[in-house]
A.B. asks: 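Input: one structure, supplied below.
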Amino acid sequence: MAAFQMDRDWLVFHPSPSKPTFRPPAGAVDAHCHVFGPGDVFPYAPERKYTPCDAPKEKLWELRDYLGFERNVIVQATCHGADNRALVDALKASKGRARGVATVKQDVTDAELQALDAAGVRGVRFNFVKRLVDTTPREVLLSIAERIKPLGWHIVIYFEAQELHELYDFFTSLPTTVVVDHMGRPDVTKSVDGPEFELFVRLMRENTNFWSKVSCPERLSKTGPDTYDDVAPFARRIVETFPDRVLWGTDWPHPNMRSHMPDDGKLVDFIPRIAPTAELQRKLLVDNPMTLYWGR
Ligand SMILES: O=C(O)/C=C(\CC(=O)C(=O)O)C(=O)O
């Protein structure tokens, strides 16, 4: 019997996504995706809040090739805690075609950070989503930030829009480039020009070290699946206003989706709706992620 059973209500990634009509430009990067396990080899963390289905690196490479991408940025998910072994294994197996974002604890050693860097890690993730993690004190996060700064790494932050007021000053005190997951998870039933999203736009406008992933329409949409009409104006506004500081990713294998499992081909077909010109598409999919993750 397998060492881990996925949660009973877990939705498994799409078994046969459609072939996208949109063809990503040469060298395109899927800059937000995960590998899970396999649990028998890389056990899930004892402190995890969910147990996923295995989503091993070989499946990720298959999807990358099928969708027309060349590279991946693999982001450590909370189900693996600060045990980055599955991530590092995937990075090493990728032959330079994947970079990583790790999770580390305060007691991480310099040698461990160096080893992560050598494997292709270029950032750490701080997660503020309460259903996913227990709270880490801010002084601990700041001490990690100071440790990773000399490596030239950045910090990826994941939070929900209603938390931004409270976290704003902490975020702007971070001493590195900061990448926001999924546009800070806006409530897309509110106006794209309303005060909530305006605060996020202000964060990006006034802090030029901030970048945003314009990913996850499937998580944010209330009208989905597949067309995600309600998310498009939010993502398009961010792409058009900050074309040099945006990234895009599939979020495969779509952990904790409850409403539906997205068709990854349809997610790729969403790209021209949020980045309507070839220039915006090239920045979003090639130039920006290459600068941030393959710049050295
Ligand atoms: O994959 C994502 O980006 C979103 C997640 C999972 C996650 O971030 C994690 O477990 O670390 C979510 O909203 O449940």
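FYI, the numbering just counts along the sequence from 1. Order of listing sets the numbers, starting from 1, for every ligand and every atom in it.
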A.B. asks: Do the side chains of Val88 and Leu151 join up, straight or via other hydrophobic residues, at under 4.5 Å, putting them in one cluster?
C.D. replies: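 Yes.
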
A.B. asks: Could you tell me how the ring of Tyr44 sits relative to the ring of His80: parallel (under 30°), tilted (30 to 60°) or perpendicular (over 60°)?
C.D. replies: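 Ring orientation, 0 to 90° scale: tilted.
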
A.B. asks: Atoms of ligand 1 less than 4.0 Å from His182 heavy atoms?
C.D. replies: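 Per the distance check, 2 (C), 3 (O).
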
A.B. asks: Cation over ring, Arg205 on Phe210, under 6.0 Å and within 45°?
C.D. replies: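 Ring-cation test returns no.
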
A.B. asks: Report the nearest protein non-hydrogen atom to atom 2 (C) of ligand 1: residue, atom name, distance rounded to 0.1 Å.
C.D. replies: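 For this ligand atom, the closest protein heavy atom is Asp251 OD1, 3.3 Å.
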
A.B. asks: Relative to atom 14 (O) of ligand 1, which among Thr78, Asn256, Val129 owns the nearest non-hydrogen atom?
C.D. replies: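 Going through Thr78, Asn256, Val129 one by one, Asn256 has the nearest heavy atom to atom 14 (O) of ligand 1.
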
A.B. asks: Given side chains that start at C-beta, do those of Pro17 and His14 come closer than 4.5 Å, heavy atoms only?
C.D. replies: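 Side-chain contact under 4.5 Å: yes.
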
A.B. asks: With atoms numbered from 1 as shown, which atoms in ligand 1 lie under 4.0 angstrom from a non-hydrogen atom of Tyr50?
C.D. replies: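 What qualifies from ligand 1 is 9 (C), 10 (O).
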
A.B. asks: Please report whether ligand 1 has a polar contact with Asp181, defined as an N or O pair separated by less than 3.5 Å (distance criterion only).
C.D. replies: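 No.
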
A.B. asks: Of Asp187, Asp251, Asp181, which meets salt bridge (charged side-chain N to carboxylate O under 4.0 Å, His left out) against Arg219?
C.D. replies: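 Answer after filtering Asp187, Asp251, Asp181: Asp251.
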
A.B. asks: Report, in ascending order of atom number, the atoms of ligand 1 lying under 4.0 Å from any heavy atom of Ala77.
C.D. replies: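 Listed by number with element: 9 (C), 10 (O), 11 (O).
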
A.B. asks: Is His254 in contact with ligand 1, taking contact as a heavy-atom separation below 4.0 Å?
C.D. replies: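 Contact check His254 vs ligand 1: negative.
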
A.B. asks: Does NZ or CZ of Arg99 fall inside the cone over Tyr293's six-membered ring, less than 6.0 Å from its centre and within 45° of the axis?
C.D. replies: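 Because its charged atom misses either the 6.0 Å distance or the 45° angle limit, Arg99 does not stack over Tyr293.
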
A.B. asks: Between ligand 1 and Arg185, can you find any atom pair, the residue atom being a heavy atom, that is separated by under 4.0 Å?
C.D. replies: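 Yes; Arg185 lies near enough to ligand 1 that a heavy-atom distance drops under 4.0 Å.
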
A.B. asks: Could you list which atoms of ligand 1 come closer than 4.0 Å to a heavy atom of Asn127?
C.D. replies: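 Near Asn127, meaning under 4.0 Å from one of its heavy atoms, ligand 1 has 11 (O).
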
A.B. asks: Provide, to 0.1 Å, the distance between atom 13 (O) of ligand 1 and the closest protein heavy atom, together with that atom's residue and name.
C.D. replies: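 Going atom by atom, the protein heavy atom closest to atom 13 (O) of ligand 1 ends up being Tyr158 OH, 2.6 Å.
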
A.B. asks: How are the rings of Phe171 and Phe128 set to each other: parallel, tilted or perpendicular (split at 30° and 60°)?
C.D. replies: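 Aromatic pair Phe171/Phe128 classed perpendicular.
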
A.B. asks: Quick one: do Leu292 and Val214 end up in the same hydrophobic cluster if we chain Ile, Leu, Val, Met, Phe, Trp and Tyr together by side-chain heavy atoms under 4.5 Å apart?
C.D. replies: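 Yes, because Leu292 and Val214 connect within a single hydrophobic cluster, where side-chain heavy atoms sit under 4.5 Å apart.
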
A.B. asks: With heavy atoms of Pro255 as the reference, note each atom of ligand 1 found under 4.0 Å away.
C.D. replies: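 What qualifies from ligand 1 is 1 (O), 6 (C), 14 (O).
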
A.B. asks: Answer yes or no on whether Lys59 is positioned over the face of Phe13, meaning its NZ or CZ is under 6.0 Å from the six-membered ring centre and within 45° of the axis.
C.D. replies: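 Verdict for Phe13: no cation-pi partner in Lys59.
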
A.B. asks: Please confirm whether His32 comes under 4.0 Å of ligand 1, counting heavy atoms of the residue only.
C.D. replies: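 Contact present.
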
A.B. asks: Looking only at N/O atoms, are His34 and ligand 1 under 3.5 Å apart anywhere?
C.D. replies: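 Yes, at least one N or O pair falls under 3.5 Å.
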
